[in-house]
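Note: hydrogens, waters and symmetry copies are ignored here, and every other heavy atom, side chains too, is used.
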Amino acid sequence: MTATAGEAGIVELGARVHLFVQLQAREPFTSLFRDVLGCEVSERDFGLAYPILLVALGNGSGFSVEFTELAPAEFTADTLDDEQAFRGAWIEFRTTDLDGYQDKLRSAGIPEFRHKGSSHAYFSAPGGQVFRLLDVAYQGP
């Protein structure tokens with residue numbers, strides 16, 4: 001049963017995601033989103049061993065990152081493919097300049113691969129988080 005307008009139920013995703021990334025990936029992960037993709041990043045100290053990184057996106061959404069040795073290890077090899085991609089949540093970002101930002105990721109050496117069930121390019125951030133970029137107008141799975 002699907003909730004409709006005015007009914008109680010789970011009806012949408014929130015504007016936040018929280019990731020766990022290995023400590024040694026802290027600077028390259030931060031640099032990817034700050035320097036390559038041009039996102040606003042800040043750190044917040046909540047009394048944990050390391051500050052939480054907040055990455056803000058243009059529409060008010062964003063995500064937070066906790067750097068910890070308890071995070072899954074990043075896959076390390078010369079190439080990355082669907083069989084080896086980290087088996088955590090995959091993230092989707094929307095952009096008004098898909099080609100430009102994919103070029104920035106490729107120029108920065110961010111690992112790229114293809115998933116058999118998709119025509120889109122996927123990338124792996126330092127720390128192993130998998131994401132794809134889509135045009136803001138894209139509609140589909």
Positive for side chain to side chain contact (heavy atoms under 4.5 Å, CB included) with Leu37, one of Leu105, Val55, Leu57: Leu105
Between Arg34 and Glu27, is there a side-chain N and carboxylate O pair less than 4.0 Å apart? yes
Closest heavy-atom pair and its distance - Arg114, Ser119: NH1-O, 2.8 Å
Side-chain heavy-atom pair Glu66, Ser64 within 4.5 angstrom cut-off: no
Does the ring centre of Phe63 sit less than 6.0 Å away from the ring centre of Phe33? yes
If Ile, Leu, Val, Met, Phe, Trp and Tyr residues are connected whenever their side-chain heavy atoms lie under 4.5 Å apart, and connections chain through other members, are Leu23 and Phe29 in the same group? yes
Reported NE2-to-OH distance for the pair His115 and Tyr122, which is rounded to 0.5 angstrom: 5.5 Å
Donor-acceptor contact present, side-chain Ser107 to main-chain Asp103, <3.5 Å: yes
Same cluster (ILVMFWY, side-chain, under 4.5 Å), Phe93 and Leu54: no
Hey, could you give me the CD/NE2 distance between Glu92 and His120, rounded to the nearest 0.5 Å? 7.5 Å
I'd like to know if the side chain of Gln22 and the backbone of Ala71 have a donor-acceptor N/O pair within less than 3.5 Å. yes
Could you tell me whether Arg26 and Glu43 have a side-chain N and a carboxylate O separated by less than 4.0 Å? yes
Could you work out, with ring-ring contact (aromatic ring centres under 6.0 Å, His included) as the rule, every residue matching Tyr101, not counting sequence neighbours? none
In terms of side-chain heavy atoms, does Thr95 have a donor or acceptor partner in Asp97 at a distance below 3.5 Å? no
Nearest-0.5 Å distance, CG of residue Leu53 to SG of residue Cys39: 10.0 Å
For the side chain of Arg94 and the backbone of Tyr138, is there at least one donor-acceptor N/O pair under 3.5 Å apart? yes
Would you name the heavy atoms of Ile110 and Ser124 that are closest together and state the gap between them? CG2-O, 3.4 Å
Show the nearest heavy-atom pair for residues Leu98 and Leu133, with the distance to one decimal. CD1-O, 3.3 Å
Taking the side chain as every heavy atom from C-beta outward, state whether Leu32 and Pro126 have any atom pair closer than 4.5 Å. yes
I'd like to know if Val41 and Val36 are part of one continuous hydrophobic network [Ile/Leu/Val/Met/Phe/Trp/Tyr, side-chain heavy atoms within less than 4.5 Å]. yes
Give me the atom names and distance for the closest heavy-atom approach of Arg132 to Ala121. CB-O, 3.4 Å
Could you walk me through whether Trp90 and Phe131 pass the ring-ring contact (aromatic ring centres under 6.0 Å, His included) check? CA-CA 5 Å; Trp90 289 19; Phe131 65 97; over 10 Å; no
Do Phe20 and Phe67 have side-chain heavy atoms sitting under 4.5 Å apart? no
